[in-house]
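Working notes for the structure below.
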Protein chains: 2
Amino acid sequence: MTTGKGRKDLPTMMDVARTAGVSKSTVSRAFTQPGMLGAETVARILEIASSIGYVPNHTARALSTGRYGNVALVVPDVANPFFPPLIRAAQMEADRSDFCVFLGNSDESWRQEDKLVDRFLSQVEGLVLCASRLTDERIRAHALKRPLVLVNRDVPGIPRVLIDSAIGVHEAIAHLAELGHKHIVYVSGPASSWSNQQRRAAVRLGARQHRLDVSIVAARVPSYESGRAVVPDILATGATAAIAFDDLTAQGIMTGLADRGVSVPADFSVVGCDDVLGAATYPSLTTVSNRSDETGRAAMSLLLDMLGSRAVGDARVTLDTYLVVRNTTAPPPATRS
Amino acid sequence: MTTGKGRKDLPTMMDVARTAGVSKSTVSRAFTQPGMLGAETVARILEIASSIGYVPNHTARALSTGRYGNVALVVPDVANPFFPPLIRAAQMEADRSDFCVFLGNSDESWRQEDKLVDRFLSQVEGLVLCASRLTDERIRAHALKRPLVLVNRDVPGIPRVLIDSAIGVHEAIAHLAELGHKHIVYVSGPASSWSNQQRRAAVRLGARQHRLDVSIVAARVPSYESGRAVVPDILATGATAAIAFDDLTAQGIMTGLADRGVSVPADFSVVGCDDVLGAATYPSLTTVSNRSDETGRAAMSLLLDMLGSRAVGDARVTLDTYLVVRNTTAPPPATRS
DNA sequence: CTGTTAGCGCGTTCAC
DNA sequence: GTGAACGCGCTAACAG
């Protein structure tokens, strides 16, 4: 049925065809295969088109070609400073190939993420899932329907780009050990987060190598508030240094510490992850680097390659990290140890 | 024609219909008007559908109904910390009404923005343009085709939601005047930015009221680097305080000042705008508040209202601001004035 | 080089 | 309560 009367309808190919005295096909070709038409014909059609404000209907084109010209990008939290640079880079990379990008915010929930993916599936050619909270099975199921690229999530068989924070975390442990710390705490992030699992494992391994005691304190959601909230738990462990899941959490921890009169780094050392705050905090935060923009670009680029049917097999891109030493780490207080 | 052989095709309504022994229409109704069907029929169909992974094709539905179920959100720079909370809020508001949202990054370029809008037009029901860099005419032209909501851009006749930073800026001027400053400088943002024009005007007006000298220094793009780069120009004016277009610029200025051994706030006062950094900087930044998340939610909500054809006329929502005094402002050095 | 035809997947009148 | 037929705007065969 028609779209109704009151609605403002865009001019269609037919409108252009009529006022140009040609058939729809000709108009169509003027836009998709100009080489097949007379140069003047093309010019005239494009002229008329723009004069009446005609723009090819993306949707109708998609339906008939199966090429949607859209991709989807799903993240757990747009407002988490880790993601905006990634989103931006991915967006611009997609744009270079004239793709439109849907943005989804899963709000750290797998249900929401699953819903979004289903909604996107029928109007995109492929998707990038960042730090997906879905189960491996769901991811595989979705990947069966559309090309899929994962970011910071390691599912064998699914193309993925991973920020290998293990290296940076190892450096952080070594750094703390060298400073003389004997007992550290890892403040974890979301349980379903691959990055969190990787970092936790790296902390455990590094601690063993350097013969450090390590406690784990859980901050479910990576945020300033979470970090601030778990400070009592952190202090209760008796550790002299903390490695946080991310910078946001670390920043919250610093505030919580300050609230309790514990000064950083004199009384307690803090290390973040992701380097999203730059040197903005005071003291400036020692943290593990990241390259979220490169990650976003790489993931989108990989996806576009897949769409170009250039087979990509079981791609597994890895970006490594390093420790950025600033001013929140120092030897433990002399009274301790 | 068909989408080809090699392509992975989603299950269609027809597939569900066949394995359920009913017609396509019935399947369609099961999803859109369950009330018209037998309760058991509906259940069985939905069951089968999800078992074979069928999801209604958004695109085909859009084509036949004219309701795309999509909206677009365009911002100048996703990575500018002002926007992520806005994007997030807008995204979630749209999601509450089951809308998918396209994200566009205009990269501070009107050409890019125009291109994006055209690409979006034929697959969305409406759009939100944030801090648009387009001319009034272009905006009006686009608004003719699709419901449009502006953020921080004031075009009469087009629904818009504005953060009225004038109030906060006035407070900032009063604050500086009270501290004893006689000469201040406004570090401007993008020329085509409504917010920038508004802030500049507010600075001018406030300065006149308080009998302050005011110089203008231009930082084309709002960023850390820009702020840092214009510090020589700022110092050259002989002013004792600066109001920056935004927090990013302010942060850059603080760094540039530190590079030259000018200490804040003892030697020089700095005020930001947007309060995106929280108290993360050191000294913590005195700034003008913003409510970017509310703005995002309000804009999207307004757009959805328009789509629900609840006429909205010439809406002009305003969110006011106030000065957040922290630690980058103090009396000017005694040696001066 | 250009016009004609069929059909992408779905929603929706109509009949049954 | 359910099935058949048409059309949304466009592209891709097929003629000419």
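So that the names make sense, note that chain A is the first sequence line, chain B the second, and so on, each numbered from 1. Because the structure is a prediction, the values reported are computed rather than measured.
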Could you tell me whether B/Thr12 contacts a base, only the sugar-phosphate backbone, or nothing, with contacts defined as non-hydrogen atoms closer than 4.0 Å? sugar-phosphate

Where the side chain of A/Thr32 is concerned, which of D/dT11, C/dT13, C/dG3 is the nearest nucleotide? D/dT11

Using OP1 and OP2 only, check whether a side-chain N or O of A/Thr26 sits under 4.0 Å from C/dG3. yes

hbond_proxy B/Arg67 side chain to C/dT12 base (donor-acceptor, 3.5 Å cutoff): no

Which nucleotide in the set C/dT2, C/dG9, C/dT13 lies at the smallest distance from any side-chain heavy atom of A/Arg29? C/dT2

Give one of base, sugar-phosphate or nothing for B/Glu40, where a contact means two heavy atoms less than 4.0 Å apart. nothing

Just how far, in rounded Å, is P of D/dT11 from NZ of A/Lys24? 10 Å

Could you tell me whether B/Val22 contacts a base, only the sugar-phosphate backbone, or nothing, with contacts defined as non-hydrogen atoms closer than 4.0 Å? sugar-phosphate

Name of the residue among A/Val101, A/Leu103, A/Leu86 meeting side-chain contact (heavy atoms from CB on, under 4.5 Å) with A/Gln91: A/Val101

What contact category does B/Ser122 fall into here, base, sugar-phosphate, or nothing, at under 4.0 angstrom with non-hydrogen atoms? nothing

For A/Arg160, the option from A/Asp314, A/Asn152, A/Thr318 that meets side-chain hydrogen bond (donor to acceptor under 3.5 Å, both in side chains): A/Asp314

Do side-chain atoms of A/Ser122 reach the backbone of B/His58 as a donor and acceptor pair under 3.5 angstrom? yes

Compare the minimum distances between each of C/dG9, D/dT11, C/dT2 and the side chain of A/Met13, then state the nucleotide with the smallest one. D/dT11

Is the distance from OP1 or OP2 of C/dT12 to the nearest side-chain N or O of B/Gln33 less than 4.0 Å? yes

Applying a 4.0 Å non-hydrogen cut-off, can you work out what B/Thr59 is touching in the nucleic acid: base, sugar-phosphate, or nothing? nothing

At under 4.0 Å, does any side-chain N or O of B/Ser64 touch on OP1 or OP2 of C/dG11? no

Indicate whether OP1 or OP2 belonging to C/dT2 is found under 4.0 Å from a side-chain N or O atom of A/Thr41. yes

Check side chain to side chain donor-acceptor pair (under 3.5 Å) between B/Asn57 and all other residues, then give those that pass, not counting sequence neighbours. none

Assign A/Tyr68 to base, sugar-phosphate, or nothing according to its heavy-atom contacts below 4.0 angstrom with the strands shown. nothing

Rounded distance (nearest 0.5 Å) linking atom CD of A/Gln123 with atom OH of B/Tyr68: 11.5 Å

Answer yes if the ring centres of B/Phe31 and B/Tyr54 are under 6.0 angstrom apart, and no otherwise. yes

Look up atom NE2 in A/His142 and atom CG in A/Leu121, then write down how far apart they are to the nearest 0.5 Å. 6.5 Å

Taking the minimum atom-to-atom distance to the side chain of A/Asn57, which one of D/dC10, D/dT2, C/dC10 wins? D/dC10

Degree of bending in the helix from C/dC1-D/dG16 to C/dC16-D/dG1 once both end axes are built from five pairs, to 10°: 40°

Whole-Å distance, A/Tyr54 OH to D/dG9 P, equals 10 Å

